4 protein chains.
Amino acid sequence: MVGAVTRIVDYEADSSPWSAREAELLAATLQLLQQHGYERLTVDAVAATAKASKATVYRRWPSKGELVLAAFIEGVRCAAVRPDTGSLREDLLRLGEAITEHAAKHSATIRAVMVEVSRDPALREAMQHQFLDQRKALIESVLQHAVDRGEIKAEAITEELWDLMPGYLIFRSIVPNRPPDRQTVRVIVDNVLIPSLTRPIS
Amino acid sequence: MVGAVTRIVDYEADSSPWSAREAELLAATLQLLQQHGYERLTVDAVAATAKASKATVYRRWPSKGELVLAAFIEGVRCAAVRPDTGSLREDLLRLGEAITEHAAKHSATIRAVMVEVSRDPALREAMQHQFLDQRKALIESVLQHAVDRGEIKAEAITEELWDLMPGYLIFRSIVPNRPPDRQTVRVIVDNVLIPSLTRPIS
Amino acid sequence: MVGAVTRIVDYEADSSPWSAREAELLAATLQLLQQHGYERLTVDAVAATAKASKATVYRRWPSKGELVLAAFIEGVRCAAVRPDTGSLREDLLRLGEAITEHAAKHSATIRAVMVEVSRDPALREAMQHQFLDQRKALIESVLQHAVDRGEIKAEAITEELWDLMPGYLIFRSIVPNRPPDRQTVRVIVDNVLIPSLTRPIS
Amino acid sequence: MVGAVTRIVDYEADSSPWSAREAELLAATLQLLQQHGYERLTVDAVAATAKASKATVYRRWPSKGELVLAAFIEGVRCAAVRPDTGSLREDLLRLGEAITEHAAKHSATIRAVMVEVSRDPALREAMQHQFLDQRKALIESVLQHAVDRGEIKAEAITEELWDLMPGYLIFRSIVPNRPPDRQTVRVIVDNVLIPSLTRPIS
DNA sequence: TCATAAGCGAGACGGTACGTCGTGTCTTACG
DNA sequence: CGTAAGACACGACGTACCGTCTCGCTTATGA
């Protein structure tokens, strides 16, 4: 049964692993990231904003990169809610719009995280387990529901397919000049995903 | 006629605007970027590698960001060749594979460029004209040829569609753990692009 | 009468004012001072060595400086014994050798104490009463005995004279490369002190 | 001939080995040392005072300790002038007073230098060659002149003797509460040095 | 043929952020 | 209640890099 696989990593947001103090620090980090971008974010400023000291920050996260990744994941964790409208098309639209919205707000953070993650295998690991796997489970859950409802066949689901929309939307969000909007999501869902998912299997 | 638009920005690679000295510096930059990533690339190291002095670098490019963007664009310029196999599917496959290959080699650079470009409108401008428009023209040229051959209808071409494959492939390249390969390209072309481009227009 | 002055502060070692716990802490401090010097001595290390917590240390001594001074004075208190050989020359030699020996063992501590004492009037006060006055009384007692025996005249005793040997010996101990030895003491006693103390008063 | 030895290290002040920039930094260091003492001297403050940057300081002196030692030695270098009055007693008085005056002004620096020097063999070496040897040569020169004039015999000069006055004066300067004055110098010269240097050799 | 200028290497400089460490204060939980 | 454990704010340390600048040296041209 396919559904079982979906449950290996559940899409349900876990309760936060952070203490109140840590959450404050991550919130300060996220806020400063949005305002100034990664390069102009200083750990001193994070500490000052959270009325903490640098040592308090570095006790938790051994480098600026880890701090930013944690802040990013924490930001995503809150936003990850599975849509459940009863219709695959609606679910996908909502999912796409949620991603679009979140990515628009945190594009600087996403860019920074990509750079940091590529430099440190430990960060890569964290990114994989705490973010990518979560998102994968979320989408698979949406698709699995559609399979359960008989809207699509399980065989139509490929890695590339479920990954396509989030990947492309994020790409558009972090590349200058063309942030995605509702229209972008609609076109992808209606012209790409739904046709591909519902066409007869060769 | 649609083809005329395509020619506004030609996909043909222009001859390099750089002198031999400048090309050396860009080559050194590109090499160090591949080896160490953006953050650990220092202008000192670029100068040393090219046996130049920092002043020589800064005379050309007023900041590390501009230097890296120039190096990136120069790297792309060489690699941009329009496939012309006579078959849309083949053209798209080759295009996707070329993008995949290039992005694999220069993922660190791409990540860095995204960060830098987002911080400086001047870099954004340069990125737009010297890279994005080029790539757009290249793909439109491929699609236009298919229209000319009668393989697809001009109306089937949407911004999202021609942009989808490059965007997704680059996304996959710069995100950890799942670099795209020929199979990825094949699935996108066969399961997404061709179906979407050839399905009857509603 | 001269002897009366000597008795204002007695040279006799008082019984220690410290509890067993406090003595442990001071011993740990002294040991770490000898091993690593003042700068590299940390209050954390003192606490850890004595299996105590930092709060326990700071409850007794409000700063690192006070702690170190207390440790130093405690170290000296134990070592201060008045020689009484019946001969001024012998007494002075023993005194000088005792100072030499002690200063060699605790040169790092002495240096540190000098720095700390100069920064804090309270420490200066403590140093004065708990150490300098003690030493002064000790030497005056030795000299007074010699006067009582008729070896020297009371008028020959000047502040500079009785202070000269300890001061110079300590100076030599805390300056690099030339720690004093028995020969140093002998030369000072025989060539300087005895001649000066016994020469006819002009 | 005894004079030859004296010339191995000449007491003459060498011309400064520092550039103008470096002299500024050392002057700023010395000034701040006098004002605030070693512990509260920060390299940032030195840089700011000299309108330099920390990197400029650290390029010259690899640590705060080395910087302070250099500043101290530079300060001494300027002040070291050999008295030459034609009378040993006068020469010694002037020497003692010069030492007293200088040590009074720089007592905090001297204490700091002692601590730093004891921690680093390299600093010890520098201290030895650039300061202690200089001072030794200076005093030997004064005594040698007296020998040449027939005031004293060369055999009366011992290491301890010529070292006694500077050592004791510096000791008094760096210990709290009893800074030496002209009277102190006079007593040492008249009651200790002159008698010891002129007494018949046994 | 020589001088004057422009480009270059070398690298010092002011500035700024990093990540580390130690002090002295404070809280929490245990005995 | 005193203590062990240890988190915390503060602030200095020493390092690294950016982008600017000055200094001579080379080279390339104009008198």
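Below, chain A is the first sequence line, B the second, and so on; all start at residue 1. As the structure is a computational prediction, the values presented were derived from the model and not from experiment.
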S.K.: Scan nucleotides 19-24 of chain E against the protein and return all N/O pairs shorter than 3.5 Å with their distances rounded to 0.1 Å.
M.R.:
from, atom 1, to, atom 2, distance (Å)
dG19(E), OP2, Tyr58(A), OH, 2.5
dG19(E), OP2, Lys64(A), N, 3.3
dG19(E), O5', Tyr58(A), OH, 3.4
dG19(E), N7, Lys54(A), NZ, 2.9
dG19(E), O6, Lys54(A), NZ, 2.8
dT23(E), OP1, Leu41(C), O, 3.3
dT23(E), OP1, Lys64(C), NZ, 3.3
dT23(E), OP2, Val43(C), N, 3.2
dG24(E), OP2, Tyr58(C), OH, 3.1
dG24(E), OP2, Lys64(C), N, 2.9
dG24(E), N7, Lys54(C), NZ, 3.0
dG24(E), O6, Lys54(C), NZ, 2.6

S.K.: In a table with atom names and distances, give each donor-acceptor pair under 3.5 Å that connects a side chain of residues 54-61 of chain D to protein atoms at least two apart or in another chain.
M.R.:
from, atom 1, to, atom 2, distance (Å)
Arg60(D), NE, Glu22(D), OE2, 2.9
Arg60(D), NH1, Thr56(D), O, 3.3

S.K.: Going by heavy atoms closer than 4.0 Å, what residues in residues 19-35 of chain A are next to DNA chain E?
M.R.: none
S.K.: Among all residues two or more places apart in sequence or in another chain, which pass the side chain to side chain donor-acceptor pair (under 3.5 Å) test with Ser63(D)?
M.R.: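 So Ser63(D) forms no side chain to side chain donor-acceptor pair (under 3.5 Å) with any residue.
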S.K.: Who pairs with Tyr38(D) by ring pair (Phe, Tyr, Trp, His ring centres under 6.0 Å), at least two apart in sequence or on another chain?
M.R.: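 Checked Tyr38(D) against ring pair (Phe, Tyr, Trp, His ring centres under 6.0 Å); zero matches.
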S.K.: Only counting residues at least two apart or in another chain, list the ones meeting side chain to side chain donor-acceptor pair (under 3.5 Å) with Arg119(C).
M.R.: Glu116(C)
S.K.: Please enumerate all residues that pass side chain to side chain donor-acceptor pair (under 3.5 Å) together with Ser173(C), with sequence neighbours excluded.
M.R.: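 Testing Ser173(C) for side chain to side chain donor-acceptor pair (under 3.5 Å), a comparison that skips the adjacent residues, returns none.
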S.K.: Could you check how far CD of Glu66(A) sits from C1' of dC18(E), rounded to whole Å?
M.R.: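 The answer, rounded to whole Å, is 15 Å.
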S.K.: Compile the donor-acceptor pairs under 3.5 Å between side chains in residues 44-52 of chain A and protein atoms, sequence neighbours left out, one pair per line.
M.R.:
from, atom 1, to, atom 2, distance (Å)
Thr49(A), OG1, Ala45(A), O, 2.8

S.K.: Examine distances only and state if a side-chain atom of Arg124(A) and a backbone atom of Asn177(B) form a donor-acceptor pair shorter than 3.5 Å.
M.R.: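 Absent.
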S.K.: Please report the distance, rounded to the nearest Å, between CZ in Arg59(B) and P in dT22(F).
M.R.: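 About 13 Å, once rounded to whole Å.
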S.K.: In this structure, how many angstroms lie between the P atom of dT15(F) and the CZ atom of Arg60(D), rounded?
M.R.: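 Arg60(D) atom CZ is separated from dT15(F) atom P by 15 Å.
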S.K.: Please identify each residue that fulfils side-chain contact (heavy atoms from CB on, under 4.5 Å) with Gln130(C), with sequence neighbours left out.
M.R.: Ile73(C), Ala126(C)
S.K.: Could you run down the sub-3.5 Å N/O contacts of the protein with nucleotides 24-26 of chain F?
M.R.:
none

S.K.: Both Thr56(D) and Thr56(B) contact DNA chain E. Which one's nearest nucleotide lies toward the 5' end?
M.R.: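 So the residue in question is Thr56(B).
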S.K.: Going by salt bridge (Lys or Arg N to Asp or Glu O under 4.0 Å), name the residues that satisfy it together with Arg40(B), two or more places apart in sequence or in a different chain.
M.R.: none
S.K.: Provide the full list of side-chain hydrogen bond (donor to acceptor under 3.5 Å, both in side chains) pairs with a residue in residues 27-37 of chain A, sequence neighbours left out, each pair given once.
M.R.: none
S.K.: For Ala45(A) and Ala50(B), take the nucleotide of DNA chain E holding the closest heavy atom to each; which residue's nucleotide lies nearer the 5' end?
M.R.: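 So the residue in question is Ala50(B).
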S.K.: Which of these nucleotides, dA4(F), dG9(E), dG7(E), is closest to any side-chain atom of Ala52(C)?
M.R.: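 In terms of side-chain proximity for Ala52(C), the closest of dA4(F), dG9(E), dG7(E) is dA4(F).
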